[in-house]
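Taking it in order: structure first as structure tokens, then the write-up.
Naming: A, B, ... by sequence-line order, numbering from 1 per chain.
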Number of protein chains: 2
Amino acid sequence: MGISERKEREKEQRKNDIIDAAEKIFFKKGLNNSTMDEVAKEAELSKGTLYLYFKSKEEIYFEIKLRAINILNRMFKESISEYKTGFENCFEIGKTYVAFLNNYSNYFKVMVYFESTDCKICDFKDKCENFFKEDNPLNSFIQIINQGMADGSIRNDIPANVLAQSLWAQTNGILQYISTKQKIIEFTGVQAKDIINSQFEIIKKGIKNEN
Amino acid sequence: MGISERKEREKEQRKNDIIDAAEKIFFKKGLNNSTMDEVAKEAELSKGTLYLYFKSKEEIYFEIKLRAINILNRMFKESISEYKTGFENCFEIGKTYVAFLNNYSNYFKVMVYFESTDCKICDFKDKCENFFKEDNPLNSFIQIINQGMADGSIRNDIPANVLAQSLWAQTNGILQYISTKQKIIEFTGVQAKDIINSQFEIIKKGIKNEN
DNA sequence: ACTAAAATATGACCAAGAGTCATATTATGC
DNA sequence: GCATAATATGACTCTTGGTCATATTTTAGT
């Protein structure tokens, strides 16, 4: 028994090592400009071995996305406080998401990638599609909106599920814009943080309970 | 003289024919699953000829994005009315953007692609980066926000440039979410249109002038 | 300690497909 | 009609994701 457990651990460790190596390469050169040979070299393994642990290049990239989501979710959970209202926690989460973009922009880019690319043959689609049933940032956020509706700090004429997804999607949009449209932002002579603050301003007015 | 003009026209026409063919193929199978040989066959040309008119596969895809943006911009301009307030026009544009997603979802996907993918060697980067100086949907939208601040229907404590980009990015986020996260939306038991309406609700409260 | 079987690792190899280029065809202008 | 320029072709190259027969290492039974 002890042996098969150890094997399992080692296998997990090996997978992690490969993802570590892939991260280094992909973050430096971008997914499209990185080759599996480079990843193999970085991981000090042969290319064939990579395919013993992962089905495809894209699946490794997906594993990086999972890391990203876990980091973000952990940050979310650390940022909320039971002593604050749902309304306040909501903006703590917002600020935290912005911090995530600033501190982990590479991870953010990976997340964005999977929002918009047609995966070739997504054999790991199940992983993709079942993910939302689990503990993830969006679910953490929905809970906060529920809290805010329960404590009366957030308007409750829109279902929590709907409001949460709407805010979530909006915020994703803002962060994606900030991270990909620096040139435009610069050209229009404004600051990224102003755009973010502006969104917070709008949402503050937009979701506060007025009763 | 007449001849070189005609040649120019024919060249333009040929380019368009190629983009037409590429659209058919790319829309049906997605960019990654389409080959240049397929595009060439659809265009009734040899592959080499394609490269006489475009630098790369991705550049053709980019041309499709330009079409998308032009369609969207035309729709925006048709949807606004000088007899409406900026506030009202702002939501006309929002509704139009939603209609664009519904009627031209393929074009929308192409637009999203370029928001999030590291182009391999963007030889057409100039085109990319200079685009925002021209007549485009975002600029049309900025004008409407300006109108609304001038006519007093939209709050003016945030610079128009900032507010416009913020709203623009948010809305992109919502539409992207709707178009890529159907599964999640379904799972949470809500309707896409509810999420959209919710965003409009939030923004209405968020940007109206309260003086 | 020895050995057969299982698990893991290797890298030469394959296939697909983007992009090129010498050659061929067609159009232009004299 | 002919020389030159413009346009078109498709066989070819080269990169790279993914495979597989072979080799090495580990495990477990005797």
Q) Within this structure, what is the OH-to-P distance between A:Tyr53 and C:dA7, rounded to whole angstrom? A) 13 Å
**Q.** Rounded distance in Å - CG (B:Leu50) to P (D:dG10)
**A.** 12 Å
Q: Between A:Leu52 and A:Ser34, just flag the one whose closest nucleotide in DNA chain D comes earlier from the 5' side.
A: A:Ser34
Q. For DNA chain C, which residues in residues 17-25 of chain B have a heavy atom at a distance below 4.0 Å?
A. none
Q: Kindly write out the residues that satisfy side chain to side chain donor-acceptor pair (under 3.5 Å) with B:Lys57, not counting sequence neighbours, or none if the list is empty.
A: none
Q: Could you state the atom-to-atom distance from CZ of A:Arg14 to P of D:dT25 in whole Å?
A: 13 Å
**Q.** Atom pair distance, as rounded to whole Å: CZ in A:Phe54 and C1' in C:dA9
**A.** 16 Å
**Q.** Residue list, side chain to side chain donor-acceptor pair (under 3.5 Å) with B:Ser34, at least two apart or on another chain
**A.** none
(Q) Just so I know, are the side chains of B:Lys77 and B:Ser140 near enough to count as touching, which here means a heavy-atom distance under 4.5 Å? (A) yes
Q: Could you please name the option among C:dG19, C:dA9, D:dG17 that lies closest to any side-chain atom of A:Lys57?
A: D:dG17
**Q.** B:Lys11 NZ - D:dA5 C1' separation (whole Å)
**A.** 13 Å
Q.
Going by salt bridge (Lys or Arg N to Asp or Glu O under 4.0 Å), name the residues that satisfy it together with B:Glu186, two or more places apart in sequence or in a different chain.
A. none
Q: Could I get the full list of side-chain contact (heavy atoms from CB on, under 4.5 Å) partners for A:Gln182, not counting sequence neighbours?
A: none
Q: Only counting residues at least two apart or in another chain, list the ones meeting side-chain contact (heavy atoms from CB on, under 4.5 Å) with A:Arg67.
A: A:Asn16, A:Ile19, A:Asp20, A:Glu23, A:Tyr107
Q. Whole Å only: how far is the OH atom of A:Tyr51 from the P atom of C:dC13?
A. 19 Å
Q: Only counting residues at least two apart or in another chain, list the ones meeting side-chain contact (heavy atoms from CB on, under 4.5 Å) with A:Lys193.
A: A:Gln191
Q: Determine yes or no for a side-chain-to-main-chain donor-acceptor pair under 3.5 angstrom, with B:Thr49 supplying the side chain and B:Leu45 the backbone.
A: no
**Q.** Contact residues, residues 35-47 of chain A to DNA chain D [heavy atom, < 4.0 Å]
**A.** A:Thr35, A:Met36, A:Lys47
Q) With sequence neighbours left out, which residue pairs that include part of residues 163-178 of chain A fulfil the side chain to side chain donor-acceptor pair (under 3.5 Å) condition? A) A:Tyr97-A:Asn172, A:Gln165-B:Tyr177, A:Gln165-B:Thr188, A:Ser166-A:Gln170, A:Ser166-B:Ser198, A:Thr171-A:Gln199, A:Gln176-B:Gln176, A:Tyr177-B:Gln165
Q | Between C:dA9 (C1') and A:Glu10 (CD): distance, integer Å | A | 14 Å
Q | Atom-to-atom span, CG of B:Asn32 to P of C:dA16 - whole angstrom | A | 17 Å
Q: With axes from five pairs an end, tell me the bend angle of the helix from C:dA1-D:dT30 to C:dC30-D:dG1, nearest 10°.
A: 0°
Q | Residues in side-chain contact (heavy atoms from CB on, under 4.5 Å) contact with B:Thr35, at least two apart in sequence or another chain | A | B:Asp37, B:Glu38
Q) Residues in ring pair (Phe, Tyr, Trp, His ring centres under 6.0 Å) with A:Phe54, at least two apart? A) none
